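Remarks on the structure that follows.
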Amino acid sequence: MFDLATRTPIATELPRQLYIEVTNRCNSLCASCPLTYDHFLPWEPKRHLSWQRFRQIVDQLPSIERAVLHGIGEPLLNPELPRFIAHLKECGAHVLFNSNAVLLDQRRGDALVAAGLDELRISLDAVTPALYAQLRGIDKFPQIIENIRAFIARHGGRSGPRVSLWFVGMHENLHQLPDFVRLGAELGVPEVYLQRLVFFGGGERLDEHTTMVPEQALFGTLEERQAALVRTCEGLAAELGVRFAASGATTPHESVAVKGEAPWRGCYRPWSLMYITANGESLPCCIAPFATTDYAGIMLGNVLERPLAEVWNGERYQELRTAVLSEQPAPWPCQHCGVRWSL
């Protein structure tokens, strides 16, 4: 699946990586998330994934190596989350999820550790309460910092879960990136990640507050000021003993730069993983819901209504794989991946 020359529209084996949206409800109102603007967009019914539906999905995959329990929504809202994690660990999977940490109290934190969670990724995007409230839509920054501090104090010395802080980089917050690295070191968090802002294909502005617009994005060649900030953070992280990295397999510099012609052809997600929503709909990847207002156009089939293997090599998945292998994968949002956003 990693060799472009040998990939075809048919996947030769079932996916070993699984993104499961355990809920599509959230307790934040992020300016960079389409869920905040769901009154503008046709969306799926709101629900927590039930234990029965979770097992129906997972039990169709004999070999899950990696399970990511987030999508559009806040995973800690689903009370079944520790049970999901424990079952996936019994299946031999590496399990992780991304959270805003608003609900990361002692009870929930202890339950995650007891279940065997491998990674806990915390999204902050700011180091000051004012900017956090502006970008995330809630005034919870001090509470979140205390939640992280308490979790590290209780569980930071154990082998897992590995905790990391995540920063969705945009023009609005990039100046705080060095202090974000310092915050990670001060909290005892070993890894800090820079991730590019994703915006809808044409940069459609849903309202006056949204940051999902081209003028906020860090795609293309970095201005020298931005490049200097990234270099500063790389040196600062080395000095403080913190790992500073980017999403995917890129360096922070590469995560905000164009990756050559037709970069989407380097993506192997359509052959290796499935993203399944809380309603059982399969989507191309975790970036896709952020990248198009045509939500119905990225649905590949419902694995609660049809066998997962049938969806995996169905007509829609074959169309997606054919598009990714092409020189221009329109109308899929893949046409911008690696150009405007990160692979």
Side-chain angles (χ1 to χ4, degrees), residues 15-30 33 35 44-61 64-124 136 138 140 143-144 146-152 154-156 158-166 189 191 273-283 285-286 289 303-304 308:
R16 295 176 182 270
Q17 297 187 56
L18 190 62
Y19 280 65
I20 307 179
E21 192 178 78
V22 298
T23 184
N24 57 8
R25 295 186 172 104
C26 196
N27 51 4
S28 293
L29 292 168
C30 298
C33 180
L35 190 59
E44 296 183 33
K46 297 291 190 300
R47 64 162 41 98
H48 295 327
L49 185 68
S50 69
W51 172 249
Q52 179 182 6
R53 285 173 172 242
F54 168 81
R55 287 297 302 270
Q56 184 179 344
I57 294 166
V58 170
D59 291 354
Q60 295 185 69
L61 290 170
I64 303 177
E65 296 176 352
R66 184 173 184 265
V68 181
L69 301 183
H70 65 240
I72 302 293
E74 168 51 47
L76 289 177
L77 286 169
N78 191 327
E80 297 276 19
L81 181 62
R83 193 180 185 188
F84 295 165
I85 295 167
H87 180 72
L88 286 163
K89 293 306 298 177
E90 290 176 1
C91 296
H94 180 94
V95 186
L96 62 106
F97 68 88
N98 188 303
S99 173
N100 60 27
V102 172
L103 296 177
L104 188 63
D105 55 20
Q106 180 175 326
R107 177 180 63 82
R108 290 185 179 89
D110 289 354
L112 296 175
V113 172
L117 181 68
D118 293 291
E119 292 183 52
L120 174 60
R121 300 177 173 183
I122 299 171
S123 291
L124 281 177
R136 308 303 295 256
I138 55 172
K140 296 287 186 179
Q143 174 187 329
I144 293 165
E146 287 310 306
N147 286 349
I148 298 170
R149 196 185 306 277
F151 184 86
I152 294 294
R154 286 181 61 80
H155 304 294
R158 301 190 181 191
S159 58
R162 193 169 81 240
V163 181
S164 56
L165 297 185
W166 288 68
V189 175
E191 299 180 5
L273 65 82
M274 292 188 86
Y275 176 116
I276 299 172
T277 74
N279 290 278
E281 296 291 347
S282 181
L283 306 181
C285 69
C286 62
V303 300
L304 297 175
L308 185 147

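Predicted model, so just to flag it, every value in this text is computed and none were measured. Below, all heavy atoms of this structure are taken into account, side chains as well, without hydrogens, waters or symmetry copies.
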Exercise for the section: Applying side chain to side chain contact (heavy atoms under 4.5 Å, CB included), run through Ile144 and Leu124 and close with a yes or a no. Expected result: CA-CA 9 Å; Ile144 293 165; Leu124 281 177; 3.7 Å; yes
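- Looking at Glu21, its side chain does come within 3.5 Å of a backbone N or O of Ile72 through a donor-acceptor pair.
- Here the side chain of Asn78 pairs a donor or acceptor atom with the backbone of Val22 at under 3.5 angstrom.
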Practice task
Kindly determine whether Val95 and Phe84 satisfy side chain to side chain contact (heavy atoms under 4.5 Å, CB included), including the steps that lead there.
Solution key: CA-CA 10 Å; Val95 186; Phe84 295 165; over 6 Å; no
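- Rounding to the nearest 0.5 Å places CZ of Arg55 at 12.5 Å from CG of Leu49.
- Shown here are the side chain to side chain contact (heavy atoms under 4.5 Å, CB included) partners of Arg16, two or more places apart in sequence or in another chain: Glu13, Ser63, Glu65.
- Looking only at atom types and distance, the side chain of Ser123 has a donor-acceptor partner in the side chain of Asn98 under 3.5 Å away.
- Residue Arg108 comes nearest to Leu103 through the heavy atom pair CD-O, 3.0 Å, listed as atom of the first residue, atom of the second, then distance.
- Here the closest heavy-atom approach between residue Pro79 and residue His48 is recorded as CD-CD2, 4.2 Å.
- The two atoms that bring Cys26 and Gly73 nearest to each other are CB-CA, 4.2 Å, heavy atoms only.
- Residues satisfying the side chain to side chain contact (heavy atoms under 4.5 Å, CB included) test with Arg149, not counting sequence neighbours, are Ile145, Glu146, Glu186, Leu187.
- Scanning both residues, Lys89 and His94, for their nearest heavy atoms gives NZ-CA, 4.3 Å.
- Between Leu88 and Phe54 there is a side-chain heavy-atom pair separated by less than 4.5 Å.
- By the 4.5 Å heavy-atom criterion applied to side chains, Ile122 and Leu120 are counted as neighbours.
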Practice task
Test side chain to side chain contact (heavy atoms under 4.5 Å, CB included) on Tyr19 and Ile276 and set out the steps.
Solution key: CA-CA 6 Å; Tyr19 280 65; Ile276 299 172; over 6 Å; no
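- Annotation: the span from Glu80 atom CD to Ile85 atom CD1 amounts to 11.5 Å, rounded to 0.5 Å.
- Counting heavy atoms from C-beta on, the side chains of Val303 and Met274 come closer than 4.5 Å.
- Counting only distance, with no hydrogens or angles, the side chain of Ser99 and the backbone of Ala101 share a donor-acceptor pair below 3.5 Å.
- Side-chain atoms of Asn100 and Ser28 include a donor-acceptor pair closer than 3.5 Å.
- The only option from Thr277, Leu77, Asn279 that meets the side chain to side chain contact (heavy atoms under 4.5 Å, CB included) definition with Asn24 turns out to be Asn279.
- When side chains are defined from C-beta on, Pro161 does not count as touching Leu112, because their heavy atoms never get closer than 4.5 Å.
- A 4.5 Å side-chain heavy-atom check between Ile148 and Val189 finds at least one atom pair inside the cut-off.
- From Gln17, atom CD reaches atom CG of Leu61 across 11.5 Å, with rounding to the nearest 0.5 Å.
- Residues satisfying the salt bridge (charged side-chain N to carboxylate O under 4.0 Å, His left out) test with Glu119, not counting sequence neighbours, are Arg121, Arg162.
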Practice task
Decide yes or no on side chain to side chain contact (heavy atoms under 4.5 Å, CB included) for Phe151 and Val113, but give the supporting numbers first.
Solution key: CA-CA 10 Å; Phe151 184 86; Val113 172; 3.9 Å; yes
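- Using a 30° and 60° split on the angle between ring planes, His87 and Trp51 fall in the perpendicular class, above 60°.
- A heavy-atom distance below 4.5 Å is found between the side chains of Leu117 and Phe97.
- Between Ile57 and Leu18 there is a side-chain heavy-atom pair separated by less than 4.5 Å.
- Of all heavy-atom pairs between Arg154 and Asp110, the closest is NH2-OD2, 2.6 Å.
- The heavy-atom pair separating Leu104 from Leu76 by the smallest distance is N-CD1, 3.9 Å.
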